[in-house]
There are 2 protein chains.
Amino acid sequence: MKKSDISHKAKDLLRSANLNCTRSQILILEKLLQVSRPLSRDEIIKTLGKSSPDQATVYRVLKRFCEKGIIHKAYLQSRAWKYELAHNCTETQCHPHFTCTGCGKTFCLKNSFLPLIKNLEKGFVFHRQQVRVEGLCSMCS
Amino acid sequence: MKKSDISHKAKDLLRSANLNCTRSQILILEKLLQVSRPLSRDEIIKTLGKSSPDQATVYRVLKRFCEKGIIHKAYLQSRAWKYELAHNCTETQCHPHFTCTGCGKTFCLKNSFLPLIKNLEKGFVFHRQQVRVEGLCSMCS
DNA sequence: TTCAAAATTGCAAGTATATTGCAGTTTTAA
DNA sequence: TTAAAACTGCAATATACTTGCAATTTTGAA
Ligand SMILES: [Mn+2]
Ligand SMILES: [Mn+2]
Ligand SMILES: [Zn+2]
Ligand SMILES: [Zn+2]
């Protein structure tokens, strides 16, 4: 996607979520649109470089985005939380993530969905499920 | 299970993993056998009370247990890591965990397995997968 | 365009969680 | 009984995340 398209899309997303188009929120959302995989606070700040907002702001923006449903936490095992756009997801299931035990990289499996879990105990209500896969990526295998 | 059975089982497990039967390791393993659900460092120390080992020891013991394959980290979304016995698991998949968004409690779904993910990209090697389910428990629904 | 309320931000301090170095203790096996 | 190996506690350190507050930016209505 072109840079100007991303910029435009970011602003649209912000407006449709009733959030202000501030420098920080635009920068962070553009970055997430651009890379299209889960990012941690650290990765966001590092890749934004000198122009990056403060870490407190980054966390607050990510929290806001989550509350509005624009992004969500990915279901990974890293110590730090990672966030990604909430597209490629249905109400009941996000795409699975593959983490390589060799190099540590995480890949989005955008086209693999598992059937939803069945036979929950009586009284239990299902909302959504998440899947995490471990293995070796093509570089490490 | 009776208390003496648990104690006996803990020691057996330790021996079969080539670990020493020390006070700390026995206490922590007994606790995990007893509750049969994922526990954090904090929960372990609190429920063991005055007789609990130091937190550094708790972490080191849990790490040792993981390395020997006696326990593993449950993949939850809590900030603190949680550990549980590595039974009720196959090589390729641990039982799923259900977390209630109402009360925050986590339940082990010991009898629900999903089919393994298919169609990994060329070169990718599957090792294991884990599933997390969100919803409401019978108390909160 | 102007301007005040509301939203957002940076900074610094604070909290929660996990790790490490090291000296001392416990466990094991011979 | 004893010495090596395994384990432990304590205190310091590292990392991830949160919060209070004063200052700045954004927005929408005038
Ligand atoms: Mn993803
Ligand atoms: Mn479990
Ligand atoms: Zn890899
Ligand atoms: Zn509940």
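Letters A, B, ... are given to chains in the order of the sequence lines, protein chains preceding strands, and every chain is numbered from 1. All heavy atoms count here, side chains included; hydrogens, waters and symmetry mates do not.
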- Determine the contact category for A:Gln25: base if any of its heavy atoms lies under 4.0 Å from a base atom, sugar-phosphate if only primed atoms, P, OP1 or OP2 are that close, otherwise nothing.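 Result for A:Gln25 = sugar-phosphate.
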
- Look at all strands and tell whether B:Ala56 reaches a base, only sugar-phosphate, or nothing, counting heavy atoms closer than 4.0 Å.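 Since a base atom lies under 4.0 Å of B:Ala56, the category is base.
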
- Message: Just checking A:Asn111: does its CG atom have more than 12 heavy atoms from other residues, nucleotides or ligands closer to it than 6.0 angstrom?
- Response: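 Atom CG in A:Asn111 is not packed in, count stays at 12 or less.
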
- Message: Are more than 12 heavy atoms, taken from residues, nucleotides or ligands other than A:Lys63, located less than 6.0 Å from that residue's NZ atom?
- Response: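 Counting neighbours around NZ of A:Lys63, 12 or fewer heavy atoms of other residues, nucleotides or ligands fall under 6.0 Å, so no.
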
- Item | A:Ile117 side, atom CD1; A:Thr92 side, atom OG1 - distance, nearest 0.5 Å |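 Here the interatomic distance stands at 12.5 Å.
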
- Item | Centroid-centroid distance, A:Phe65 to A:Tyr83, less than 6.0 Å |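 Ring-ring flag for A:Phe65/A:Tyr83: false, centres at least 6.0 Å apart.
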
- Message: What residues from residues 30-53 of chain A pass a heavy-atom cutoff of under 4.0 Å to DNA chain D?
- Response: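 Correct list: A:Arg41.
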
- For the side chain of B:Gln55, starting at C-beta, report the closest nucleotide among C:dT17, D:dA6, C:dT19.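 Closest nucleotide among those given: C:dT19.
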
- Query: Per the atom types in the model, does the base of C:dG10 pair as donor or acceptor with the side chain of A:Arg23 at under 3.5 Å?
  - Reply: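 Under the 3.5 Å cut-off, the side chain and the base do not form any donor-acceptor pair.
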
- Item | Side-chain-base donor-acceptor pair under 3.5 Å for A:Arg60 and D:dG20 |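 For A:Arg60, whose side chain was compared with the base of D:dG20, there is a donor-acceptor pair (under 3.5 Å).
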
- Task: Without swapping roles, check the side chain of A:Ser36 against the backbone of A:Leu33 for a donor-acceptor pair under 3.5 Å.
- Result: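 No, the answer is negative, given that no donor and acceptor are paired below the 3.5 Å cut-off.
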
- Message: I need the single residue from A:Glu84, A:Lys82, A:Glu134, A:Arg37 that forms a side-chain hydrogen bond (donor to acceptor under 3.5 Å, both in side chains) with A:His97. Which is it?
- Response: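 Of the listed residues A:Glu84, A:Lys82, A:Glu134, A:Arg37, the side-chain hydrogen bond (donor to acceptor under 3.5 Å, both in side chains) partner of A:His97 is A:Glu84.
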
Quick one: is [X] getting a side-chain N or O under 4.0 Å of the [N] phosphate, OP1 or OP2?
X	N	result
B:Arg64	D:dT8	yes
A:Tyr59	D:dT18	no
A:Thr57	C:dT8	no
A:Thr22	C:dT9	yes

- Query: Quick one: bend of the helix from C:dT1-D:dA30 to C:dA30-D:dT1 from 5 pairs per end, to 10°?
  - Reply: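 Its terminal axes enclose an angle near 30°.
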
- Task: Compute whether any side-chain donor of one residue and acceptor of the other, for B:Tyr75 and A:Arg132, lie under 3.5 angstrom apart.
- Result: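 Yes, because at least one side-chain N or O of B:Tyr75 sits under 3.5 Å from a partner of the opposite role on A:Arg132.
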
